[in-house]
Amino acid sequence: MDVLRVEDLRKSFRHDMSLRRREVLHGVSFEAIAGEILGFLGPNGAGKTTTIKIILGLLRADSGDVRLFGRPAGERAVRARIGFLPENPYVFPHLSLIEFLEFCGHMTGMRGTVLRARIEEVIWMVGLESSRARLKTYSKGQLQRVGLAQAILHDPELLILDEPFSGLDPLGRIKMRDILVGLRNQGKTIFFSSHILPDVETMCDRTCIIREGLIVRCVGIDDLIRIGESRVEMIVRGCPPECFDTLDDYLESKNSTGDEFFLLVKKQDYVRTVVQVVYNSGGEILKIVNQHPSLEEVFLNEMLSEFKQSRVKTPEEEHTFIGF
Ligand SMILES: Nc1ncnc2c1ncn2[C@@H]1O[C@H](COP(=O)(O)OP(=O)(O)OP(=O)(O)O)[C@@H](O)[C@H]1O
Ligand SMILES: [Mg+2]
């Protein structure tokens, strides 16, 4: 079941100093399936926060639709099932952690011993301590954890996190990853934006890549493996360089270091032919590995592709004036 469905979202903003509008989302569509961790990846200014704000009803889209648990996004009952960590979490600096979480709990209707027990639980989950120190003395990384604690306090089914890894040191990132994977294992759905590709790659079930206000690709772990499985890396030794002359159509590239050749075979189907040529010329095979691209490679490919030139600009992007 789709926990979150975003369909054809468009959003334009007015420039500060003029009446011109610029469209920053050009029809964003994707969905998050129950129980998955879905990463939302894109460079600065791609439209991640804008999309998230629209999903949460903090911004109104020009057009398009958002469904949460199959219901219109604005419904009160639906909002109670969501936890949100904003890009820059706001806390009341003069409150202690417990006071702040008590305030957040009251906002969602939690009270008494249930709330107090849950506060202790989430403080432990995010790796903080129930100190009496005021939040203004917390570091950026600690505040990020406070933000996560308030997001999960009411035990929401869907977590929407805008840059949850920002400001965290490597240990903090591992801790955040473990918490999110733990929540996913409890059946929660997690949708989060990030720039940190290794974190996205190691924990996400799927990743949607957004670029210039459009989703350019949604990849699952299986897709990542499939994208690369056509190419095969081989390291061979002891064959004369001319033995590869007949293999131009089979090899993507060929590099040598001394007696060894590093071959990139275009397709799995071609491996048998290449192996035969190597053996027939007296060589030996040291290594054969299917090549799987990292999410980083997929991401960079998408960012560097010719997509930008092929996309037709909308009137808004051409700086259409709105009437006076
Ligand atoms: N309130 C606003 N008024 C005008 N333009 C805005 C406003 N909010 C966002 N934008 C513009 O919309 C585009 C998308 O911004 P958004 O904050 O969604 O990007 P992002 O993907 O979250 O980037 P980052 O990774 O830096 O957080 C940017 O060009 C930004 O300048
Ligand atoms: Mg952002």
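One-based numbering, in listed order, for ligands and for the atoms of each.
- Ion pair E36/R206 flagged as a salt bridge, since at least one NZ, NE, NH1 or NH2 atom sits closer than 4.0 Å to an Asp/Glu carboxylate oxygen.
- The environment of NZ in K140 is crowded: more than 12 heavy-atom neighbours from other residues, nucleotides or ligands sit within 6.0 Å.
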Would you mind writing out the side-chain donor-acceptor pairs for residues 106-131 within the sub-3.5 Å range, not counting sequence neighbours?
{"from": "H106", "atom 1": "ND1", "to": "E102", "atom 2": "O", "distance (Å)": "3.4"}
{"from": "T108", "atom 1": "OG1", "to": "G105", "atom 2": "O", "distance (Å)": "2.9"}
{"from": "R111", "atom 1": "NH1", "to": "H106", "atom 2": "O", "distance (Å)": "3.4"}
{"from": "R118", "atom 1": "NE", "to": "L153", "atom 2": "O", "distance (Å)": "2.8"}
{"from": "R118", "atom 1": "NH1", "to": "E121", "atom 2": "OE1", "distance (Å)": "3.1"}
{"from": "R118", "atom 1": "NH2", "to": "I152", "atom 2": "O", "distance (Å)": "2.6"}
{"from": "E120", "atom 1": "OE1", "to": "S130", "atom 2": "OG", "distance (Å)": "3.3"}
{"from": "S131", "atom 1": "OG", "to": "A133", "atom 2": "N", "distance (Å)": "2.9"}

Report each N/O pair between ligand 1 and the protein that falls under 3.5 Å, naming both atoms.
{"from": "ligand 1", "atom 1": "18 (O)", "to": "T49", "atom 2": "N", "distance (Å)": "3.4"}
{"from": "ligand 1", "atom 1": "18 (O)", "to": "T50", "atom 2": "N", "distance (Å)": "2.9"}
{"from": "ligand 1", "atom 1": "18 (O)", "to": "T50", "atom 2": "OG1", "distance (Å)": "2.6"}
{"from": "ligand 1", "atom 1": "19 (O)", "to": "G47", "atom 2": "N", "distance (Å)": "3.4"}
{"from": "ligand 1", "atom 1": "21 (O)", "to": "A46", "atom 2": "N", "distance (Å)": "3.2"}
{"from": "ligand 1", "atom 1": "21 (O)", "to": "G47", "atom 2": "N", "distance (Å)": "2.9"}
{"from": "ligand 1", "atom 1": "21 (O)", "to": "K48", "atom 2": "N", "distance (Å)": "2.9"}
{"from": "ligand 1", "atom 1": "21 (O)", "to": "K48", "atom 2": "NZ", "distance (Å)": "2.9"}
{"from": "ligand 1", "atom 1": "22 (O)", "to": "T49", "atom 2": "N", "distance (Å)": "2.9"}
{"from": "ligand 1", "atom 1": "22 (O)", "to": "T49", "atom 2": "OG1", "distance (Å)": "2.8"}
{"from": "ligand 1", "atom 1": "23 (O)", "to": "G45", "atom 2": "N", "distance (Å)": "2.8"}
{"from": "ligand 1", "atom 1": "25 (O)", "to": "N44", "atom 2": "ND2", "distance (Å)": "3.2"}
{"from": "ligand 1", "atom 1": "25 (O)", "to": "K48", "atom 2": "NZ", "distance (Å)": "2.8"}
{"from": "ligand 1", "atom 1": "25 (O)", "to": "H195", "atom 2": "NE2", "distance (Å)": "3.0"}
{"from": "ligand 1", "atom 1": "26 (O)", "to": "N44", "atom 2": "ND2", "distance (Å)": "2.9"}
{"from": "ligand 1", "atom 1": "27 (O)", "to": "E87", "atom 2": "OE2", "distance (Å)": "2.6"}
{"from": "ligand 1", "atom 1": "29 (O)", "to": "R22", "atom 2": "NH2", "distance (Å)": "2.8"}

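- Using a 4.0 Å cut-off between a side-chain N of Lys or Arg and a carboxylate O of Asp or Glu, K175 and D178 do not qualify as a salt bridge.
- Between F40 and F191, the ring-plane angle classifies as tilted under the 30° and 60° cut-offs.
- In summary, K11 and E23 do not engage in a salt bridge, as defined by a charged side-chain N under 4.0 Å from a carboxylate O.
- Using a 30° and 60° split on the angle between ring planes, Y90 and F92 fall in the perpendicular class, above 60°.
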Result block: side-chain N/O donor-acceptor pairs under 3.5 angstrom for residues 237-261, not counting sequence neighbours:
{"from": "R237", "atom 1": "NE", "to": "E284", "atom 2": "OE2", "distance (Å)": "3.0"}
{"from": "R237", "atom 1": "NH2", "to": "E284", "atom 2": "OE2", "distance (Å)": "2.9"}
{"from": "E252", "atom 1": "OE2", "to": "R231", "atom 2": "NH1", "distance (Å)": "3.3"}

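- Note on R5 versus D65: no salt bridge recorded, every NZ/NE/NH1/NH2 to OD/OE distance being 4.0 Å or above.
- Counting only protein N, O or S atoms, the number found under 2.8 Å from the Mg ion (ligand 2) is 2.
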